[in-house]
A.B. asks: 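Sharing a structure with you now.
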Amino acid sequence: MRTVVDILEQRIGRALADTAGLDHSPAIIRTTADPKFGDYQANGVMAVAKQLRTNPRKLAEQVVAKLDLGELCETPEVAGPGFINLRLKPEYVASELLRINAGDANRLAIKPTEMAQTVVVDFSSPNIAKEMHVGHLRSTIIGDCICRLLEFEGHKVVRQNHIGDWGTQFGRVILGLWHMCMAEKRQEENGEPLYFAEELKALRALAGDGQELHALCTKIRDRHENDWRADKDPEEGDGELVFGPFLQGFPERPAEEVWPRIQMAYQYVNLLEECVVGMGLTIPTRQAGVIDYKDLGRHVTPMLQDRAKDPRNRQEWLAWNRVRELTMASCYAVYERLGVMLGPEHERGESAYQPMLPDVVDSLRDTGLAADSAGAVCVFPPGFQTKEGEPLPFIVQKSDGAFLYATTDLAALRYRVGQLKADRIIYVTDARQIQHFQMLFKVAEMAGWDRRNGRKAQLVHVTFGSVLGEDGKPLKARSGENVKLKDLLDEAVERAKAVVEEKNPDLPAEKKTQIAQAVGVGAVKYADYSNNRTSDYVFSFDKMLAMDGNTAPYMQYAYARIRSIERKAQSKGVDIASELAGMETLDLSEPAELDLGKHLARYSEAIEAAIADYKPNCLTAYLYELAQKFSTFYTNCPVLDAPPTKRPTRLLLCDLTAKTIRHGLSELLGIAVVEQM
RNA sequence: GCGCCCGUAGCUCAGUAGGAUAGAGCGACGGUUUCCUAAACCGUAGGUCGCAGGUUCGAAUCCUGCCGGGCGUACCA
């Protein structure tokens, strides 16, 4: 990729260095704040002048005298304390537009990098036994955008969906299945409603009511122990009579029956665990004797994770695998609506690293990096402290022997560098995990796991802020639960549909539906992309679906208007393709034409900026400005009724604007464009 | 306590490898449809860039302190 800025930087930088007698001095090319200063300015002269203790204006004059920007710019002007102002020649802008026009609409005359890397991008990472909620939105779409940008830049991108399917949640999923099993048994035998469904509601309702909550939890615990004892075979151990057969049959059961139940049972387990903290309730276990009821999930996790050593856990593993399948099926439905390019081939969940975990810990021990501390195996990377000012451990194995996300992340990192041959690994997660990743990267460096053949892979944590509700707190549904992504998209599409009905009632129903999909989903994505990734933003359907301002509908509308012109041209017998094909000169004499033309020629700058900091809002800002400039052009410069000498230029501007908007929206942001709205 | 992030117009936000007079949208006020989609365009009003110092030709941007908010801080992810 080579932008005008790069060329100016190079030429002016060299002239500056020569004049000053330095090896190297950056020209510091920036776009001007005000068009009256031209299009670009070079700020580097003043810094060099200071260094040389010389007059900056004089130095700037000397640099300008040396410069030859003949074909690019008008004569540079020295202004203010030592700025060099640069104004692009219309002929240069015209030649750039013709060059873009002559090339592939999917490249828009932007060349791929010559330094292609293998880049692993870790994003989305949904959790097992849950549907995707707003918390997954940003990682999923920002990650997807980063992949699209890097692919466009010419890198080999390896998408990794690091599904949360191992760790303690594994134990909880099985525990959820156990409740489902027992509840179904009671339903069959006594016609009782599924208790976890009833009690889930009750637990939620009782939040804050200590006494009643305690009573309910005690009742649950008592029944739990009874059911567990009743399921005990004196020879084989627990679970052999009822739970075993349940698990065996589980993978065959139809999705629409079990999927909702699993989710509910899993939520039940999670909520119950929270509720019983501090209640002093206990439960007997086969292996560890009597333990606190809240720790049951954590207790069964390492037992089940050990399945390689205990073939009796195979059923649990098969059932869990089925749960994962069901989970991913629901995720793929969401990915498809979002236009996110993730498929089964990108799945590599935490569980995939399970066989490598013991070796991670052993290696760290062998090299002396890890040591036992309070029963857990820990690495103490320098520079991290606990509340008490003690060194903060990066725990790779818990005192009960279970592995946790630190272990998995290290195994994944090692795999990505070693097997996937990553030159760069990008983790797209919310900002709260920043300390974890700082420690992870530090430990990986200490262990040398970030190197392959002596070359260091670049490790990047791309963070983002939270999605907030209108009240400024993290977005939640009325019920207090996380908002499901599916519901969010449904509502956006529904609202978009209402607008289409209002604005364009005569369109065929099928078209309206299609437009509503594109506008609704596009609005949600665009709103996210157009906000600075690092800050929190307030989610508002009204704002994201507004026709004014930096929104998806505004962008899509601009595109649709151009397509409308092109359709109309065709119906008048104008063959756009042939009219544009042989063009050799453009007439950019109208200010709106030149302004739009200049902006079109700068698409690559926006892409470069977006890639440099992994910031999609650089791209949306460019596109918005483009659409605004087009709208100005549109109101001032008739296209189809233009004089014959002007029409080809205007058609070209329309066509390139459409191509650029389509490319940015559809290829890079994964937002659909529409032909009409 | 320590660490990280944030504080910019009434509201929601852009803008940090230091650059000229700090930008949008919403909201407010005013204008533009015999003409390619008015889901649009044009204009006006609105700011001690949290506060106080410092660094320098120049600071929203870098440094220090303070105030206010968010997040994290040993076996969750």
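Chain naming here is simple, since letters A, B, ... match the order of the sequence lines and numbering starts at 1 in each. Atom set for the values below is all heavy atoms of this structure, side chains included, hydrogens, waters and symmetry mates excluded. Keep in mind the model is a prediction, meaning the values are calculated, not measured.
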A.B. asks: Using atom C1' of each nucleotide, how far apart are B:rC41 and B:rC36 to the nearest Å?
C.D. replies: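 Going atom to atom, C1' in each nucleotide, I get 15 Å.
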A.B. asks: Return the value, rounded to whole Å, for the distance between atom CG of A:Asn636 and atom P of B:rC42.
C.D. replies: 8 Å
A.B. asks: Under a 3.5 Å cut-off for both distances, is B:rA20 Watson-Crick or wobble paired, and to whom?
C.D. replies: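 Because no pair has both required distances under 3.5 Å, B:rA20 counts as unpaired.
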A.B. asks: Using a cut-off of less than 4.0 Å, is there contact between a side-chain N or O of A:Lys615 and OP1 or OP2 of B:rG15?
C.D. replies: yes
A.B. asks: Check every strand shown and say whether A:Gln41 touches a base, only sugar-phosphate, or nothing at a heavy-atom separation below 4.0 Å.
C.D. replies: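 Contact class for A:Gln41: base.
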A.B. asks: State whether A:Ser535 places a side-chain N or O below 4.0 Å from either non-bridging phosphate oxygen (OP1 or OP2) of B:rA14.
C.D. replies: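 Yes.
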A.B. asks: Looking at A:Tyr634, I'd like to know whether one of its side-chain N or O atoms comes within less than 4.0 Å of OP1 or OP2 on B:rA39.
C.D. replies: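 Result: no.
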A.B. asks: Can B:rU12 be described as syn, meaning its chi torsion is within 90° of 0, or is it anti?
C.D. replies: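 Classified anti.
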A.B. asks: With sugar-phosphate meaning primed atoms plus P, OP1 and OP2, does A:Phe37 contact a base, only sugar-phosphate, or nothing at under 4.0 Å between heavy atoms?
C.D. replies: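 The residue A:Phe37 makes base contact.
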A.B. asks: Can you find a donor-acceptor N/O pair under 3.5 angstrom joining the side chain of A:Tyr405 to the base of B:rA77?
C.D. replies: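 Yes.
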A.B. asks: Pick base, sugar-phosphate or nothing for A:Asn550, based on heavy-atom distances below 4.0 Å to the nucleic acid.
C.D. replies: nothing
A.B. asks: Say we look at B:rC67 and B:rA28: how far apart would their P atoms be, to the nearest angstrom?
C.D. replies: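 Nearest-Å result for B:rC67 against B:rA28 at atom P: 39 Å.
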A.B. asks: Using a 4.0 Å heavy-atom cut-off across all strands, classify A:Lys387 as base, sugar-phosphate, or nothing.
C.D. replies: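 The answer is base, as A:Lys387 lies within the cut-off (heavy atoms under 4.0 Å) of a base atom.
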A.B. asks: Can you tell me whether the side chain of A:Ser373 and the base of B:rA74 have a donor-acceptor pair closer than 3.5 Å?
C.D. replies: yes
A.B. asks: Report the distance from atom CG of A:Asn270 to atom P of B:rA77, rounded to the nearest whole Å.
C.D. replies: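 Nearest whole value for this atom pair: 12 Å.
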A.B. asks: What interatomic distance, in whole Å, is found between P of B:rU34 and the corresponding atom of B:rU44?
C.D. replies: 24 Å
A.B. asks: Calculate the interatomic distance between A:Arg53 atom CZ and B:rU56 atom P; express it in whole Å.
C.D. replies: 11 Å
A.B. asks: Just checking A:Ala402: base, sugar-phosphate only, or nothing, at a heavy-atom cut-off of under 4.0 Å?
C.D. replies: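 If one applies the 4.0 Å heavy-atom cut-off, A:Ala402 turns out to touch nothing in the nucleic acid.
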A.B. asks: Are any of A:Ser564's side-chain N or O atoms less than 4.0 Å away from OP1 or OP2 of B:rU37?
C.D. replies: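 Yes, within the criterion.
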A.B. asks: When we call it a touch if two heavy atoms are under 4.0 Å apart, what does A:Leu404 touch: a base, just sugar-phosphate, or nothing?
C.D. replies: sugar-phosphate
A.B. asks: Answer with yes or no whether the side chains of A:Ser540 and A:Asp542 bring together a donor and an acceptor at under 3.5 Å.
C.D. replies: no
A.B. asks: Using whole Å, what does the distance between atom P of nucleotide B:rU12 and atom OH of A:Tyr526 come to?
C.D. replies: 20 Å
A.B. asks: What does A:Ala374 touch in the nucleic acid at a heavy-atom separation under 4.0 angstrom: a base, only the sugar-phosphate, or nothing?
C.D. replies: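 Result for A:Ala374 = base.
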A.B. asks: Would A:Asp409 and A:Tyr353 count as having a side-chain donor-acceptor pair, cut-off 3.5 Å?
C.D. replies: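 No, because no side-chain N or O of A:Asp409 sits under 3.5 Å from a partner of the opposite role on A:Tyr353.
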A.B. asks: Given the side-chain rings of A:Phe403 and A:Tyr405, with only the six-membered ring counted for Trp, is the space between their centroids under 6.0 Å?
C.D. replies: no
A.B. asks: Just to be sure I understand the rule, does A:Cys637 reach a base, reach only the sugar-phosphate, or reach nothing, if contact means heavy atoms closer than 4.0 Å?
C.D. replies: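 The answer is base, as A:Cys637 lies within the cut-off (heavy atoms under 4.0 Å) of a base atom.
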A.B. asks: Taking the C1' atom in each of B:rA14 and B:rG53, what is the distance between them to the nearest angstrom?
C.D. replies: 29 Å
A.B. asks: Hey, is the side chain of A:Glu502 pairing donor to acceptor with the base of B:rA39 inside 3.5 Å?
C.D. replies: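 Side chain to base: no pair below 3.5 Å.
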A.B. asks: With rounding to the closest Å, how many angstrom separate the P atoms on B:rG65 and B:rA74?
C.D. replies: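 Between the two P atoms, the distance is 25 Å.
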A.B. asks: Quote, to the nearest angstrom, the C1' distance that separates B:rA60 from B:rC51.
C.D. replies: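 Result for the C1' pair: 14 Å, nearest Å.
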A.B. asks: Rounded to the nearest 0.5 Å, what separates atom OG in A:Ser125 from atom CE in A:Met132?
C.D. replies: 9.0 Å
A.B. asks: Under 4.0 Å, counting only non-hydrogen atoms across every strand here, what does A:Pro553 touch: a base, just sugar-phosphate, or nothing?
C.D. replies: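 Touches nothing.
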A.B. asks: Identify whether the distance between the nearest side-chain nitrogen and carboxylate oxygen of A:Asp641 and A:Lys572 falls below 4.0 Å.
C.D. replies: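 Salt bridge: yes.
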A.B. asks: How far does the P atom of B:rU56 sit from the matching atom of B:rA24, given to the nearest Å?
C.D. replies: 34 Å
A.B. asks: Categorize A:Cys654 for me: base, sugar-phosphate, or nothing, with a 4.0 angstrom heavy-atom threshold over every strand shown.
C.D. replies: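 It contacts nothing in the nucleic acid.
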A.B. asks: Quick one: label A:Thr632 by what it contacts on the DNA or RNA (base, sugar-phosphate, nothing), any heavy atom closer than 4.0 Å.
C.D. replies: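 Touches sugar-phosphate only.
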A.B. asks: If you measure from the C1' atom in B:rU8 to the same atom in B:rC49, how many Å do you get, rounded?
C.D. replies: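 Result for the C1' pair: 4 Å, nearest Å.
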A.B. asks: Going by purine N1 to pyrimidine N3 plus the second Watson-Crick contact, or the G-U wobble pair, all under 3.5 Å, which nucleotide sits opposite B:rC35?
C.D. replies: none
A.B. asks: A:Tyr624 on top of B:rA24's base, within under 5.5 Å and under 30°?
C.D. replies: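 Per 5.5 Å and 30° rule: no stacking.
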A.B. asks: Looking at the base of B:rA38, is there any donor atom on it, or on the side chain of A:Arg561, that sits under 3.5 Å from an acceptor on the other one?
C.D. replies: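 When only heavy-atom distances are counted, A:Arg561 does not reach the base of B:rA38 through any donor-acceptor pair under 3.5 Å.
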A.B. asks: Could you check how far NE2 of A:His436 sits from C1' of B:rC71, rounded to whole Å?
C.D. replies: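 Spelled out: NE2 on A:His436 to C1' on B:rC71 is 16 Å.
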A.B. asks: Quick one: does A:Arg533's side chain have a donor or acceptor within less than 3.5 Å of a partner on A:Asn617's backbone?
C.D. replies: no
A.B. asks: For the pair made of OH in A:Tyr537 and P in B:rC6, what is the distance, rounded to whole Å?
C.D. replies: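 It works out to 18 Å between those atoms.
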A.B. asks: Would you state whether a donor and an acceptor, one from the side chain of A:Asn85 and one from the base of B:rA20, lie under 3.5 Å apart?
C.D. replies: yes
A.B. asks: Do A:Phe437 and A:Tyr427 have their ring centres less than 6.0 Å from each other?
C.D. replies: yes
